[in-house]
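Here is how names work: the chains are called A, B, and so on, in the same order as the sequence lines, proteins then strands, and each is numbered from 1. Values below: every heavy atom of this structure, side chains too, minus hydrogens, waters and symmetry copies. Computed from a predicted structure; not experimentally measured.
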Protein chains: 4
Amino acid sequence: MSPRPDVSEERKEQIIDAATHVFARSGYAKARMDDIAKETGVSKGTLYWYFKNKDAILLAILDNLLDRELAAIRKLEQQPGSAREQLLATIDITITDLKKMEPLTPLMFEFFSLAKRHKLIQKAIKEYFRKYMEVLNSIIQRGMDQGEFKPGNPQDVSIAIGAILEGTFLLRVYDSKIVKLEEHIRSSVDLLLDGLLV
Amino acid sequence: MSPRPDVSEERKEQIIDAATHVFARSGYAKARMDDIAKETGVSKGTLYWYFKNKDAILLAILDNLLDRELAAIRKLEQQPGSAREQLLATIDITITDLKKMEPLTPLMFEFFSLAKRHKLIQKAIKEYFRKYMEVLNSIIQRGMDQGEFKPGNPQDVSIAIGAILEGTFLLRVYDSKIVKLEEHIRSSVDLLLDGLLV
Amino acid sequence: MSPRPDVSEERKEQIIDAATHVFARSGYAKARMDDIAKETGVSKGTLYWYFKNKDAILLAILDNLLDRELAAIRKLEQQPGSAREQLLATIDITITDLKKMEPLTPLMFEFFSLAKRHKLIQKAIKEYFRKYMEVLNSIIQRGMDQGEFKPGNPQDVSIAIGAILEGTFLLRVYDSKIVKLEEHIRSSVDLLLDGLLV
Amino acid sequence: MSPRPDVSEERKEQIIDAATHVFARSGYAKARMDDIAKETGVSKGTLYWYFKNKDAILLAILDNLLDRELAAIRKLEQQPGSAREQLLATIDITITDLKKMEPLTPLMFEFFSLAKRHKLIQKAIKEYFRKYMEVLNSIIQRGMDQGEFKPGNPQDVSIAIGAILEGTFLLRVYDSKIVKLEEHIRSSVDLLLDGLLV
DNA sequence: TATGAATGAGTTTTCATTCAT
DNA sequence: AATGAATGAAAACTCATTCAT
């Protein structure tokens, strides 16, 4: 109802941005509220005006990250072109996303690590995954229906693609000299398409 | 020869085993030395008799895990059969390994999360990755040399397979109902092989 | 000017005062931060708000004590009268100081004990000593120049006087029944002056 | 009864010697039983075979030190010569002793620091002091009786001398470059004798 | 809204002491 | 006599959270 988003939202975002970097840099446990306050440029007390506690900031970060990615995905949904073209466009967008995420890698893995114990995190990423799979599934399904792809279980293909995307992101952690995010996602997807295309 | 069998190594392993479960359950930060002591069935002081500090226990766990995996990999090195058969055998072994790792998933991601800040962790997993890649590369190379696989860059293929393995392990965290470790690794690798085999 | 008077300095002094007594009573090692907190009437956390650690409190105490003594010494510097009178005035002031220090005797010796290992303590007391010697030296020098004292090395006399002052303070520890701080400093200095005065 | 002191005594002395250095180096609180064990060349458990606990070692060190000094003092008691000569001989012996003590300075001050809280330490040093005073008193008394020294209270003179001895030892802690143990004890005692001698 | 001083529960780590061998 | 693994009490220190201003 308010014509302009009040300052509160803006301040909240500042905190989320700052905290994202602090958590990525130091890890959730090692990051101190003082660090986040300093990085945001406010006092420690202010953090508690906008967020219930440290955990709530973490959750807000996750929601924020997933929202951004989902926004990108939604852009795909009504793209024109062949299934192959649409699939590659999806990969392109995801690569762009993952590249933006690179500096946040430690934080991403922290979310994965916490997922089992932290039901809200679990729920958030599961929901994100479901939406992402939906997009891939529908593209693959269409490709199969239209005879562009070999017939099979679309979900299996989606998961294979998802695994390549996330897996390459992960392999980078082992050795970022050897594993190049964009290059290797593309080469892996190409290999997959070699077998998939009719 | 020694009158009292040296119980040191055994005790160290007990601690490592216990700590592995505690860290996997609670996360490194939340896990208390008391928990590890209790789980091991010794006193807190004993932990410090065998390990310098909490961090040293974490490192020992990682070394332990990687040692076990490398031992499995080494078994592959002189396996007979076609490149395809050997590759599938490698996948089989890795699947078995990954299944054993399933309960430790949060701990694995914690290692990935820590890798950037923790040089010893970084070094350990990098070395592991190098050895794993060596095995895959040599199989793929042989397959290409012998005309079993299409020609190409073996390393790219290895990374695609590595991404599928680790990526599927990761996708499970999103939704373990949808993503089945063994089934989806196999179906993804099959897709890859469809394009790879001549 | 500031709306809330800065309570920081005051609070710091409260802690220093309390800690002085706790350290004198229990010794540095035996004194617990909890004791200091309780004696100050604040929580343990507050101690760490004002001081980095236990050691920093000890240092602050030393600076505080030496500052007070130096302030007393500075009063002497432009006193009128003969060299003998001025020397006795200096002794008087030092006696007054040492009497105030009596309850802190164990702490003083702790500083001396720590001096070799603790460079900041060493530096602080050395600087104090240098200033104290300067005052004595200049008085003795004047007395010699003006023919009031026998000629000689002023520094040797200053050290003799310093030794009597500190030495009497120390002998009290052996047996405070036998050694009376004021009485024996005076009698010892008198003996010295017997030989020194022309 | 046993003709030769059994090995126990010897081992005890080894521990005392080692512990003396460890305590002097690290201070009582910081010194670990492990350090003493290592320095002695035995295991930690062995220390407890010979001493009830850490405190008992400290006490044994003090007794040991005082015994050695008392032995030196006893040598003085029937020295020939004038009172002045005998006094200077006493000073000589004490200087020799104090020089030996120099490396133990931090430990000595630790004893002084502990004296108030630790009744056994207090008692030991008080007894030592009494004996030392007796020797000085009797020399001074004889000097006065025989007209070699000006009449006065012998105890006051003894305390002045004691203060010079201990005080010079202490001033060294302030600045060992400026204060030279032997040189300044001699010069200070000379100043005192200037006034004391008839 | 914003601040930052104050709190105190929580945790790692140390180390004197014990005791089975 | 001697060892050294094991214990657990003790203490320093951290830091999320609160709250008076």
Measure the acute angle between the ring planes of D:Phe109 and C:Phe109, then classify it against the limits of 30° and 60° as parallel, tilted or perpendicular. parallel

D:Lys54 side chain vs D:Ala31 backbone, donor-acceptor pair below 3.5 Å: yes

Distances for protein N or O near nucleotides 13-17 of chain F N or O, under 3.5 Å:
{"unit_1": "F:dC13", "atom_1": "OP2", "unit_2": "C:Tyr48", "atom_2": "OH", "d": "3.1"}
{"unit_1": "F:dC13", "atom_1": "OP2", "unit_2": "C:Lys54", "atom_2": "N", "d": "3.2"}
{"unit_1": "F:dC13", "atom_1": "N4", "unit_2": "C:Lys44", "atom_2": "NZ", "d": "2.4"}
{"unit_1": "F:dA16", "atom_1": "OP1", "unit_2": "A:Ala31", "atom_2": "O", "d": "3.3"}
{"unit_1": "F:dA16", "atom_1": "OP1", "unit_2": "A:Lys54", "atom_2": "NZ", "d": "3.3"}
{"unit_1": "F:dA16", "atom_1": "OP2", "unit_2": "A:Met33", "atom_2": "N", "d": "2.7"}
{"unit_1": "F:dT17", "atom_1": "OP2", "unit_2": "A:Tyr48", "atom_2": "OH", "d": "3.0"}
{"unit_1": "F:dT17", "atom_1": "OP2", "unit_2": "A:Lys54", "atom_2": "N", "d": "3.0"}
{"unit_1": "F:dT17", "atom_1": "O4", "unit_2": "A:Lys44", "atom_2": "NZ", "d": "2.9"}

Tell me the interatomic distance from C:Leu47, atom CG, to E:dA5, atom C1', rounded to whole angstroms. 13 Å

D:Ser8 side chain N/O closer than 4.0 Å to the phosphate oxygens (OP1, OP2) of F:dA1? yes

Find the partner of E:dT21: check Watson-Crick (N1-N3 plus N6-O4 or O6-N4) and G-U wobble (N1-O2, O6-N3) distances, both under 3.5 Å, and reply none if neither fits. F:dA2

In a check of side-chain contact (heavy atoms from CB on, under 4.5 Å) between C:Leu59 and each of C:Ile57, C:Ile61, C:Asp55, which one passes? C:Asp55

May I have the distance from C:Lys38 (atom NZ) to F:dA11 (atom P), rounded to whole angstrom? 12 Å

Please report, rounded to the nearest Å, how far the C1' atom of E:dT1 is from the CD atom of A:Glu9. 15 Å

Spacing of B:Arg25 atom CZ and A:Lys116 atom NZ [to the nearest 0.5 Å]: 13.0 Å

Would you tell me if any nitrogen or oxygen in the side chain of D:Thr46 comes within less than 4.0 Å of OP1 or OP2 on F:dA1? no

Is there a side-chain contact between D:Ser43 and the phosphate of F:dT3, meaning an N or O under 4.0 Å from OP1 or OP2? yes

Indicate the ring-plane relationship of C:Phe112 and D:Tyr174, choosing parallel, tilted or perpendicular according to the 30° and 60° boundaries. perpendicular

F:dA16 pairs with which nucleotide, Watson-Crick or G-U wobble, both distances below 3.5 Å? E:dT7

How would you label the contact of D:Tyr50 with the nucleic acid (heavy atoms, under 4.0 Å): base, sugar-phosphate, or nothing? sugar-phosphate

Can you check the C:Phe51 CZ to F:dA12 P distance for me, whole Å? 16 Å

Protein-nucleotide distance (C:Ile36, atom CD1; F:dA11, atom C1'), rounded to Å: 12 Å

Do the side chains of D:Leu58 and D:Ile121 get nearer than 4.5 Å, heavy atoms only? yes

Whole-Å gap separating P (E:dA6) and CD (C:Glu10): 11 Å

Distance between C1' atoms of F:dT21 and E:dT1 (Å, rounded): 13 Å

Verify the contact: side-chain N or O of A:Trp49 to OP1 or OP2 of E:dA2, cut-off strictly under 4.0 Å; return yes or no. no

side-chain hydrogen bond (donor to acceptor under 3.5 Å, both in side chains) partners of A:Tyr48, counting only residues at least two apart: none

Applying a 3.5 Å limit to both distances, which nucleotide forms a Watson-Crick or G-U wobble pair with E:dT12? F:dA11

